[in-house]
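Only heavy atoms go into these numbers, but all of them, side chains included; no hydrogens, no water, no symmetry mates. In what follows, every chain begins at residue 1, and chains take the letters A, B, ... in the order their sequences are listed.
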There are 2 protein chains.
Amino acid sequence: MTRSPTPSDPETTVPQPLSPQDMVCFSLYSAVHAMSQAYRPHLEKLGLTYPQYLVMSALWSAEAPPTVGLLSRQLQLESSTLTPLLKRLEAMGLLTRRRDAEDERQVRITLTEDGQQMRDRTAHIAGCIAAQSGMSVEELLALRDQVSRLRDNLRKG
Amino acid sequence: MTRSPTPSDPETTVPQPLSPQDMVCFSLYSAVHAMSQAYRPHLEKLGLTYPQYLVMSALWSAEAPPTVGLLSRQLQLESSTLTPLLKRLEAMGLLTRRRDAEDERQVRITLTEDGQQMRDRTAHIAGCIAAQSGMSVEELLALRDQVSRLRDNLRKG
DNA sequence: CAAATATCTATCGTGTACGATATAATCGAC
DNA sequence: GTCGATTATATCGTACACGATAGATATTTG
């Protein structure tokens, strides 16, 4: 099943195939799933999924009702992902989707009263996750910056 | 839309809601998508998706044909995710799924000749991604270990 | 201003992902 | 050995996630 290193096939000339556990990409992949699981008990009290929570976070921190395109750039998601997601949040009564009068191509996303009020009920979550992470705030911030740098470099290439 | 800090509501007592860009979880979330995109051009030459590539990597590095359960633990995916994934790889002729004679509950996954041979065609990919990451090998390994630690702590909690 | 072009969002098809549940096989206690 | 509990995989329903494409609106060009 696997190719063992031999004198004629040392690791230095023919690299062993990396197991998932050795791969940077797998650590990220599995960490995202673990993160989603960690958020789940908090978010299901609010009836949100993790991607829905990210959309709501973007809206809570926005200065003005953003367009689908702006959310798409901020969250790095395609409209084919965002549109159904936003429709579900609209169906829950958390936001409205309206064509912009200035530019009818754009759709503006506005929080409803319910959507705005939900914010306060999420205030504790970040702290819970941070505590569960077993890492200090400094470590978490450093990790975030490293991971963001990796992501930006991958997007550029 | 957003609550600005005021003298009576300073950031130190009522934390501003974090924007996605400030959140550790979002950096991971978006980095995984960027990583998947970075792999895409390499993998589509092989007809694989990124999760399929992870499964194949696990199989290439396995000592003996693993069961679905072992793959599930290694990749941290549920059987409801793995079973259809493995069926697609089987339909592509890359592996076989057979009930274990010793324990009929288990299903053993064995690479076909085609599945084994595909490994050599993936040897260059890790290097391409590493180069694209704009990070040194040392940085990547340190990042992997930090992210793995975070993941393991989240799973424990 | 009309035609070509670009931009913005939505739709469709395929492939993850997971929780809840179902089914079958094994193991344990007696 | 048989019944109950446990374990291993599969199935189902819902929700992302993206590429390809469509359709409508805006902008640019001639």
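The listed nucleotides are dT9(C), dC18(C), dC16(D); the one nearest the side chain of Ser79(A) is dT9(C). Of the listed nucleotides (dA17(D), dA26(D), dT9(C)), dA17(D) has the atom at the smallest distance from the side chain of Leu77(A). For Pro51(B), whose side chain is taken as the heavy atoms from C-beta onward, the closest listed nucleotide among dT16(C), dT9(D), dA17(D) is dT16(C).
The side chain of Ser80(A) places no N or O atom within less than 4.0 Å of a non-bridging phosphate oxygen (OP1 or OP2) of dA17(D). Using a 4.0 Å cut-off, no side-chain N or O of Gln106(B) falls inside it from OP1 or OP2 of dT26(C). At least one side-chain nitrogen or oxygen of Gln52(A) sits closer than 4.0 Å to the OP1 or OP2 atom of dC16(D). Using a 4.0 Å cut-off, no side-chain N or O of Arg88(B) falls inside it from OP1 or OP2 of dT14(C). Side-chain N/O atoms of Tyr29(A) include one lying less than 4.0 angstrom from OP1 or OP2 on dA17(C). At the phosphate of dA10(C), OP1 or OP2 sits under 4.0 Å from a side-chain N or O atom of Thr83(A). Proximity of Arg40(A) to the phosphate of dG19(C): a side-chain N or O atom is located under 4.0 Å from OP1 or OP2. Applying the 4.0 Å criterion to OP1 and OP2 of dG19(C), one finds that Gln37(A) has a side-chain N or O inside that range. Between Lys87(A) and dT9(C), a side-chain N or O to OP1/OP2 separation shorter than 4.0 Å is absent. One finds a side-chain N or O of Thr49(B) lying less than 4.0 angstrom from the OP1 or OP2 phosphate oxygen of dT16(C). Look at Arg99(A) and you won't find any side-chain N or O under 4.0 angstrom from OP1 or OP2 of dC8(C).
Between Glu90(A) atom CD and dT9(C) atom P the separation is 15 Å, expressed in whole Å. For the pair Leu43(B) CG and dG15(C) P, the computed distance is 15 Å after rounding to whole Å. Here the P atom of nucleotide dT16(C) and the CD atom of Gln76(B) are 18 Å apart, to the nearest Å. Here the P atom of nucleotide dA17(C) and the CG atom of Leu82(B) are 10 Å apart, to the nearest Å. As a whole-Å value, the separation of Leu75(A) CG from dC16(D) P is 12 Å. Rounded to a whole Å, the CD atom of Glu44(A) is 10 Å from the C1' atom of dG19(C). Rounded to an integer number of Å, the gap from NE2 of His33(B) to C1' of dC16(D) is 8 Å. Atom CG in Leu54(B) sits about 13 Å away from atom C1' in dA17(C), given to the nearest Å.
With hydrogens and angles left out, the side-chain atoms of Ser148(B) and Asp145(B) include no donor and acceptor closer than 3.5 Å. Judged purely by distance below 3.5 Å, without hydrogens or angles, the side chains of Ser30(B) and Arg151(A) pair a donor atom with an acceptor atom.
Across all strands, Ser72(B) comes closer than 4.0 Å to no nucleic acid atom at all (heavy-atom distances). Here Arg108(B) lies out of heavy-atom contact (under 4.0 Å) with every strand.
Salt-bridge annotation for Glu90(A) and Arg97(A): present, with a side-chain N of the basic residue lying under 4.0 Å from a carboxylate O of the acidic one. A salt bridge does not link Arg108(B) with Glu102(B): none of the charged nitrogens is closer than 4.0 Å to a carboxylate oxygen.
Here CG of Leu75(A) is found 10.5 Å from OG1 of Thr81(A). Values are rounded to the nearest 0.5 Å.
Two different hydrophobic clusters hold Leu70(A) and Leu86(A) under the rule that ILVMFWY side chains link at heavy-atom gaps under 4.5 Å.
The base of dT7(C) lies close enough to the side chain of Arg105(A) for a donor and an acceptor atom to sit less than 3.5 Å apart.
Two residues, Leu85(A) and Asp103(A), neighbour DNA chain D, and the one matched to the more 5' nucleotide by heavy-atom proximity is Leu85(A).
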